[in-house]
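Since the structure comes first, as structure tokens, the remarks are kept for the end.
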There are 2 protein chains.
Amino acid sequence: MPVSKKPNGTIRMRDVAERAQVSRMTVSRALNRPETVNEVLRNRVLEAVQDLGYVHNHLARSLSSRRSNVIGLVLPSLENSIFSQTVKGISDVLRPLGYHLMVAESSDDPEDEERVIAAFLAQRVGGLILHSTNHSANAVRMLKASDTPVVENGDFPVDPVDMVVSYSNRAAAKAMTLHLARLGYKRIVFAGLAANPRASQRQLGFLDALAEIGQKQDAKLSVAVSRGFGGGTEAISFIDANIPDADALFCAGDVLAVGALFECDRRGWAVPGRLAIASFDDLDLMRHVSPALTSLRLPRYEIGRRSAQMILDRIEERTMPVTTVDLGFEIVQRASS
Amino acid sequence: MPVSKKPNGTIRMRDVAERAQVSRMTVSRALNRPETVNEVLRNRVLEAVQDLGYVHNHLARSLSSRRSNVIGLVLPSLENSIFSQTVKGISDVLRPLGYHLMVAESSDDPEDEERVIAAFLAQRVGGLILHSTNHSANAVRMLKASDTPVVENGDFPVDPVDMVVSYSNRAAAKAMTLHLARLGYKRIVFAGLAANPRASQRQLGFLDALAEIGQKQDAKLSVAVSRGFGGGTEAISFIDANIPDADALFCAGDVLAVGALFECDRRGWAVPGRLAIASFDDLDLMRHVSPALTSLRLPRYEIGRRSAQMILDRIEERTMPVTTVDLGFEIVQRASS
DNA sequence: TTGTAAGCGTTATCAA
DNA sequence: TTGATAACGCTTACAA
């Protein structure tokens, strides 16, 4: 069968219909719900699609059908590999059902996030997954007005936009702090990123734990540091200068903990002899440094799966789903504590 | 001004037009090219947009105008943070001009990539950036037929689809190998990921260098390892078992090199005393491990910038741009070699 | 500078 | 099971 390519202009459904000698609707049906079309015609259509190299126009389809097979995901940052499991969880649910994932970045800034959300809504995505729980008022208004299914991920918001799938940063941080206390550490220091809403919740959890074990909530036991490995260095310097009797450091961030470990190495501080270290997220790296780092394992993959599932349930009106899911966390005890 | 929200149904441009007492076209113009509309009317329109909470429908806009402000980016994986700089470079160019970036993942598998490309084309994106240079025949056909501007990134393809912005994996690997040779290392081992097209090019560069310094191209000096830190461990085991007299290891992957370094640490091998290590990509981590790792710095950010710029130039028909840009690379010598 | 009319390429709806 | 027709919400092209 000779393949004749149209020299200019895109191939439209109408062209396929002509070639297959059927109506446009038959082509549309053969593409969207093949089982509703007679086999003979269906094959004729599919052949014409091949011959012409036709690419379905989802713009027109979505406009006309008022539904979209694109789901948007807004991540604080693409720098951090902690989200890759979540992305995988989402994709694994979406792909078999013919949906597609598009990712954008908010830089953890509500204004940037608003822009990104606006773009997704303008694109009329079928659903939105936000790995963040504090949004600009405007963003919330747009989301609610749009009637788009939304799942929030990074924590449990006080006032959810719609659905939520997460673990509790506060509860997790509290649990890890209690774990360290149980191991016998007496003077635990908390280090978190400055101006990060999730880090703040983690600090609250840290304070909760101190209260529970009857230790006075000394504000001096918390330090805000910068992003990246350097933040870990800062944490160690802080301890050296201000809390020399500290015997454990709980870093509310994976990279921070590794940075701290490197700095201890440089200073010749034994870990955990001189200082125990625990971290908040169980990156692959945590297992490989030495000593391996004690850390909190979060259900990143499952968060992705459930989020995607809940969005799809809503889109396909299967259920009026539960709106908040707590997926918990797990403490992984290793050599560093 | 009381804000009355439509109880059901989305707000359309027509609703805004009614409220502002102008035609739809005036609304359209006020939104797309504000300078072409009288200030009074423009403000009336913008106010109506606010009051109603109108969100522009880009689906309809793109369908009608036959252009899109969405640019697609296909990455081999989101796990690896090496691409974050590229994403930033692209965003920095796109955002000020009102374009948006959507990211999808190919898993370095041509079939997955084809699916993702098909989805982007169906979505009628304005341009596509592919961080990969080997695509399925079908994908190439679709891309060419679509007339969408395309930039390929990860290497220099033998037969480019369209535009290319990259560095040469082969040249970079050759340069690093020569650098190690110049430092006096006599028996250099190369470790790369199995079944990775970029790793293969890097191996060719390694062999080029051996040839140039008159060393015989011993196939036994190359080893294919698995992804992740474990790959580095495998490389060291390989050396221990097969090339005990090796004095340098060149890892064609950032994480690999760190894994190798950790393994040396475990075995008590001095780096670079017993074995020098060099790596292919200059992640932040490279500076922070000890000893800090010698590595190749690649122009990741600039690759993003140029790619985006070339796409936009093509879209806005500013130029018939150069189609291939070589952005080079840089060797960063540190303590590990 | 503003408005009118005719698409953009698909699908919902209803009829055959 | 298939087809005709009228949207979907916007912009292009042209007229006023």
Side-chain angles (χ1 to χ4, degrees), chain A residues 6 8-46 48-49 52-70 98 121-126 146-147, chain B residues 6 8-46 48-49 52-70 98 121-126 146-147:
Chain A
K6 256 197 158 168
N8 69 336
T10 319
I11 289 110
R12 307 176 313 285
M13 202 177 255
R14 153 184 303 166
D15 303 317
V16 177
E18 262 172 34
R19 178 162 187 126
Q21 314 238 53
V22 295
S23 71
R24 271 178 321 188
M25 272 316 297
T26 301
V27 176
S28 175
R29 282 192 271 254
L31 257 29
N32 292 315
R33 277 171 308 123
E35 72 281 5
T36 67
V37 169
N38 174 299
E39 190 178 338
V40 179
L41 287 193
R42 190 201 316 153
N43 289 144
R44 229 157 70 201
V45 168
L46 266 24
V49 165
L52 297 172
Y54 169 69
V55 177
H56 202 151
N57 188 330
H58 282 27
L59 246 39
R61 181 221 254 174
S62 297
L63 178 60
S64 181
S65 67
R66 296 146 156 278
R67 31 185 21 263
S68 160
N69 65 341
V70 175
L121 291 180
Q123 227 58 239
R124 297 298 190 268
V125 292
S146 75
D147 233 54
Chain B
K6 258 197 160 167
N8 70 337
T10 319
I11 289 109
R12 307 176 315 282
M13 202 176 256
R14 152 184 304 165
D15 304 317
V16 176
E18 262 172 35
R19 177 159 188 130
Q21 313 238 55
V22 295
S23 71
R24 275 182 321 200
M25 268 319 295
T26 300
V27 176
S28 174
R29 282 192 271 253
L31 258 29
N32 292 316
R33 278 172 306 124
E35 71 281 5
T36 67
V37 65
N38 176 300
E39 191 178 339
V40 178
L41 288 192
R42 190 201 317 154
N43 289 143
R44 229 155 73 200
V45 169
L46 266 25
V49 165
L52 297 171
Y54 170 70
V55 177
H56 201 150
N57 188 329
H58 282 27
L59 245 40
R61 182 222 253 175
S62 297
L63 179 60
S64 180
S65 66
R66 296 145 156 276
R67 28 183 25 259
S68 160
N69 66 341
V70 175
L121 291 180
Q123 228 57 240
R124 297 300 191 267
V125 292
S146 75
D147 233 54

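Chain letters run A, B, ... following the sequence lines, proteins first and then strands; every chain starts at 1. Heavy-atom basis, side chains included; hydrogens, waters and symmetry copies ignored.
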Side-chain heavy atoms of B:Asn38 within contact of B:Arg42, under 4.5 Å: no
Taking atom C1' of C:dT10 as reference, at what distance in whole Å does atom CG of A:Leu59 sit? 10 Å
A:Asn57 vs A:Arg12, test: side chain to side chain donor-acceptor pair (under 3.5 Å). Steps then yes/no. CA-CA 8 Å; A:Asn57 188 330; A:Arg12 307 176 313 285; over 6 Å; no
Atom CD of A:Glu18 and atom P of C:dG9 are separated, to the nearest Å, by 13 Å
Can you give the first and last nucleotides of DNA chain D, 5' to 3', that have an atom under 4.0 Å from a heavy atom of chain B? D:dG9 to D:dT12
Do the non-hydrogen side-chain atoms of A:Asn32 and A:Arg61 ever get within less than 4.5 Å of each other? yes
Taking only the side-chain heavy atoms of B:Ser64 (C-beta and beyond), determine which of C:dG9, C:dA12, C:dG7 contains the nearest atom. C:dG7
Note, A:His58 side chain near B:Leu59 side chain (heavy atom, < 4.5 Å): no
With the side chain of B:Thr26 defined as its heavy atoms from C-beta on, choose the nearest nucleotide among C:dG3, C:dT11, C:dA6. C:dG3
Please step through side-chain contact (heavy atoms from CB on, under 4.5 Å) for the pair B:Val49 and B:Arg44, ending with a clear verdict. CA-CA 9 Å; B:Val49 165; B:Arg44 229 155 73 200; over 6 Å; no
Atom-to-atom span, CZ of A:Arg24 to P of C:dA12 - whole angstrom: 13 Å
Does a sphere of radius 6.0 Å around CD in A:Glu35 hold more than 12 heavy atoms from other residues, nucleotides or ligands, not counting ones at 6.0 Å or beyond? yes
How many Å lie between CG on A:Asn57 and P on C:dT11, as a whole number? 9 Å
With a 4.0 Å cut-off on heavy atoms, is B:His58 in touch with a base, just the backbone sugar-phosphate, or nothing at all? nothing
Residue pair B:Leu31 / B:Met13, side-chain heavy-atom distance below 4.5 Å: yes
Heavy atom of residues 29-40 of chain B under 4.0 Å from DNA chain D: which residues? B:Asn32
Round to a whole Å and report the spacing from CG of B:Leu121 to C1' of C:dG9. 16 Å
Whole-Å distance, B:Gln21 CD to C:dG3 P, equals 11 Å
Given B:Tyr54, which partner from the list B:Asp15, B:Val16, B:Thr10 fulfils the side chain to side chain contact (heavy atoms under 4.5 Å, CB included) test? B:Val16
Would you mind reading off the distance between A:Met25 atom CE and C:dT13 atom C1', rounded to a whole angstrom? 9 Å
5' precedence on DNA chain C between B:Leu41 and A:Ser65 (nearest-nucleotide basis): B:Leu41
Identify the two heavy atoms, one from A:Val55 and one from B:Arg124, that lie closest to each other, and give their separation to 0.1 Å. O-NH2, 3.0 Å
Residue mapping more 5' on DNA chain C - nearest nucleotide basis, B:Ser23 or A:Ser62: B:Ser23
